Amino acid sequence: SLTSVANHVFSGCNKLTYTNYNNGKYLGNDKNAYAVLMEAVSKDVAQFQIHPDTKVLAAHAFKRCGNLTEITIPKGVTGIGLHTFSYCGKLKSVTIPDTVTRIDSYAFYECVSLTDAYIPKVEAWCNIRFGDYNATPFKYLKNCYIDGKIVTHLVIPGSVKKINDDAFSEAKYLTEI
């Protein structure tokens, strides 16, 4: 199933029909009109509700949404594209579901106010394919919550067989593993 939409895939496709929902522009099909969130229509939003049927956040979807303060990515989303949240300078909190399997490069680049990330399961996080170390939200974090608990001491469960590249890059809040 769809996990990523690369940079500029539909650039110049002026005849595409988008579905609008809560300030978002979506592409999809007959089965799911909200499969891909292409972009936030207004870059001035402070809050944004992603449609619950969304599977992918396209490259640049929220780039430069300078007033966005928090985002909850719904369960079912599998991919977060290149530069999706880049330069969201007021973004303070992000919730990433355990359905995400890919986060592309620079997804959280220059999110300098990002203090809290909520991740449901460490096992799922270890399996995400990250584009690079700038793909994780950890660079600016003060607090990471896994399974609802703040984490400074990370316990990798015995069920984890592999930790993908960059999974915990820049996780300065960690004091022990």
Side-chain angles (χ1 to χ4, degrees), residues 2-11 21-27 36-51 54-75 77-120 122 124-146 150-152 154 163-175:
L2 187 65
T3 60
S4 180
V5 175
N7 200 14
H8 305 293
V9 170
F10 299 109
S11 184
Y21 171 81
N22 190 35
N23 193 42
K25 213 161 107 174
Y26 294 83
L27 279 178
V36 180
L37 172 59
M38 295 303 293
E39 67 177 334
V41 176
S42 170
K43 299 295 182 184
D44 293 330
V45 297
Q47 303 277 325
F48 192 96
Q49 181 182 3
I50 299 168
H51 193 280
T54 302
K55 301 299 178 203
V56 173
L57 306 182
H60 306 276
F62 292 97
K63 187 175 181 182
R64 298 193 191 280
C65 285
N67 293 317
L68 187 66
T69 58
E70 66 180 87
I71 194 80
T72 297
I73 300 168
K75 192 164 183 68
V77 169
T78 58
I80 300 172
L82 177 78
H83 284 288
T84 296
F85 297 102
S86 286
Y87 302 103
C88 291
K90 293 182 182 176
L91 184 63
K92 293 179 182 174
S93 172
V94 62
T95 301
I96 301 172
D98 59 3
T99 54
V100 170
T101 59
R102 180 184 180 94
I103 301 178
D104 289 336
S105 299
Y106 299 101
F108 295 95
Y109 186 69
E110 291 297 318
C111 291
V112 295
S113 298
L114 192 57
T115 56
D116 299 313
Y118 298 87
I119 301 163
V122 72
W125 190 260
C126 291
N127 286 318
I128 294 174
R129 289 183 322 256
F130 294 93
D132 61 18
Y133 70 94
N134 282 307
T136 75
F138 295 145
K139 185 171 187 172
Y140 304 103
L141 280 188
K142 306 281 187 288
N143 305 301
C144 181
Y145 299 86
I146 297 177
I150 195 164
V151 174
T152 57
L154 182 64
I163 301 172
N164 279 334
D165 290 349
D166 300 309
F168 295 99
S169 268
E170 303 280 339
K172 296 174 182 93
Y173 57 86
L174 288 177
T175 60

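For this chain, numbers begin at 1 and follow the sequence in order. Keep in mind that the numbers below use all heavy atoms, side chains included, and drop hydrogens, waters and symmetry copies. None of the values given here were measured: they were computed from a predicted structure.
Across all their heavy atoms, G24 and V41 have their closest contact at C-CG2, 4.1 Å. Closest approach of P137 to A117, counting heavy atoms only: CG-CB, 4.4 Å. The two residues I80 and A107 make their nearest non-hydrogen contact at CG2-CB, 4.1 Å. Of all non-hydrogen atoms in D116 and N143, the two that sit nearest each other are OD1-ND2, 2.9 Å. Of all heavy-atom pairs between L154 and I146, the closest is CD1-CD1, 4.0 Å. The minimum heavy-atom distance between A58 and T84, with the atom names listed, is O-OG1, 3.3 Å.
How far OG of S113 is from NZ of K142: 8.5 Å, rounded to the nearest 0.5 Å. Within the model, atoms CG of L141 and CZ of F108 stand 9.0 Å from one another, a figure rounded to the nearest 0.5 Å. One finds the SG atom of C111 at 11.0 Å from the CD1 atom of I71 (value rounded to the nearest 0.5 Å). Atoms OG1 and CD, from T115 and E70 in turn, are 10.5 Å apart once rounded to the nearest 0.5 Å.
For the pair T72/Y118, no side-chain contact is recorded, criterion being any heavy-atom separation below 4.5 Å from C-beta on. The shortest side-chain heavy-atom distance between C126 and F168 falls under the 4.5 Å cut-off. In this structure the side chain of Y140 reaches within 4.5 angstrom of the side chain of E110, judged on heavy atoms. Contact annotation: the side chain of I103 never approaches that of T136 to less than 4.5 Å [non-hydrogen atoms, C-beta and beyond]. No side-chain heavy atom of M38 sits less than 4.5 Å from a side-chain heavy atom of H60.
Under a 3.5 Å cut-off, the side chain of T99 and the backbone N or O of V77 do form a donor-acceptor pair. D132 places a side-chain N or O within donor-acceptor distance of the main-chain N or O of A135, the cut-off being under 3.5 Å. Of the possible polar contacts, one joining the N22 side chain to the Q49 backbone as a donor-acceptor pair under 3.5 Å is found. Judged purely by atom type and a 3.5 angstrom limit, N164 uses its side chain to pair as donor or acceptor with the backbone of I128. Formation of a donor-acceptor pair under 3.5 Å by the T152 side chain with backbone atoms of T175 is not found in this model. In this structure, N134 contributes its side chain and Y109 its backbone to no donor-acceptor pair below 3.5 Å. Although no hydrogens or angles enter the test, the distance criterion places no donor-acceptor pair under 3.5 Å between the side chain of T69 and the main chain of K92. Counting only distance, with no hydrogens or angles, the side chain of T101 and the backbone of T78 share a donor-acceptor pair below 3.5 Å.
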### Message
Using salt bridge (charged side-chain N to carboxylate O under 4.0 Å, His left out), reason through D98 and K75 one step at a time and then give a plain yes or no.
### Response
CA-CA 7 Å; D98 59 3; K75 192 164 183 68; 2.4 Å; yes
### Query
Should L57 and F85 be marked as a side chain to side chain contact (heavy atoms under 4.5 Å, CB included) after you check the CA-CA gap, both sets of side-chain angles, and the distance that decides it?
CA-CA 10 Å; L57 306 182; F85 297 102; 4.0 Å; yes
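Within 6.0 Å of the CZ atom in F138, the count of heavy atoms belonging to other residues, nucleotides or ligands exceeds 12.
Note on ring orientation: taking the six-membered ring where Trp is involved, the planes of F48 and F62 are perpendicular (angle over 60°, cut-offs 30° and 60°). Taking the six-membered ring where the residue is Trp, H83 and Y87 present parallel rings, their angle staying beneath 30° rather than reaching 60°. The aromatic rings of Y26 and Y21 sit perpendicular, their planes meeting at an angle over 60°, well past the 30° parallel limit.
Within the structure, salt bridge (Lys or Arg N to Asp or Glu O under 4.0 Å) contacts touching residues 38-51 (residues at least two apart or in different chains) are K25-E39.
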